[in-house]
Amino acid sequence: MPRSAQLTPEIYRGGQPTPEGLKSISARGIKTIISLRDPREVISENQPVEEAYAKANGITFQRFPIPSVPTMREAL
């Protein structure tokens, strides 16, 4: 998983996971993925896969978009 780190024994953080990274999430026993992205902003082909993978593997997937953060398009 890109830019990942274990912050506490129970909390990890990371960038947009690749398909291989998603398997790593399952192997670590992670039970919840929290996305801070707006669902309308797709910046990676892996993004839609992430939510589908979570649902298929019993991982809770929650979105908490950060308000007033510019989209990638706005920032560019």
**Fill in**
The reported gap from CG in Asn57 to CD1 in Ile25 (rounded to nearest 0.5 angstrom) is 10.0 Å
**Prompt:** In Å, rounded to the nearest 0.5 Å, how long is the span from OG of Ser35 to CZ of Phe61?
**Reply:** 4.5 Å
**From CA spacing to verdict: side chain to side chain contact (heavy atoms under 4.5 Å, CB included), Gln6, Arg28** = CA-CA 11 Å; Gln6 185 171 0; Arg28 292 179 186 180; over 6 Å; no
**Request:** Check step by step if side chain to side chain contact (heavy atoms under 4.5 Å, CB included) holds for Ile33 and Glu50.
**Result:** CA-CA 9 Å; Ile33 296 172; Glu50 177 184 27; 3.4 Å; yes
**Request:** Please report the closest heavy-atom contact between Gly21 and Pro17, naming both atoms and the distance.
**Result:** C-CB, 4.3 Å
**Request:** Test Lys31 against Ile59 for side chain to side chain contact (heavy atoms under 4.5 Å, CB included), laying out the working first.
**Result:** CA-CA 5 Å; Lys31 298 183 182 351; Ile59 299 170; 5.8 Å; no
**Fill in**
When rounded to the nearest 0.5 Å, the distance separating OG1 of Thr18 from NZ of Lys23 is 9.0 Å
**Short side-chain donor-acceptor distance under 3.5 Å, Arg37 and Gln16** = yes
**Pairing residues for Ser26 by the side-chain hydrogen bond (donor to acceptor under 3.5 Å, both in side chains) criterion, not counting sequence neighbours** = Tyr53
**Complete:** The reported gap from OG1 in Thr60 to CD1 in Ile30 (rounded to nearest 0.5 angstrom) is 12.5 Å
**Asked** Does Ile34 belong to the same Ile/Leu/Val/Met/Phe/Trp/Tyr cluster as Ile66, with side-chain heavy atoms less than 4.5 Å apart forming each link?
**Response** yes
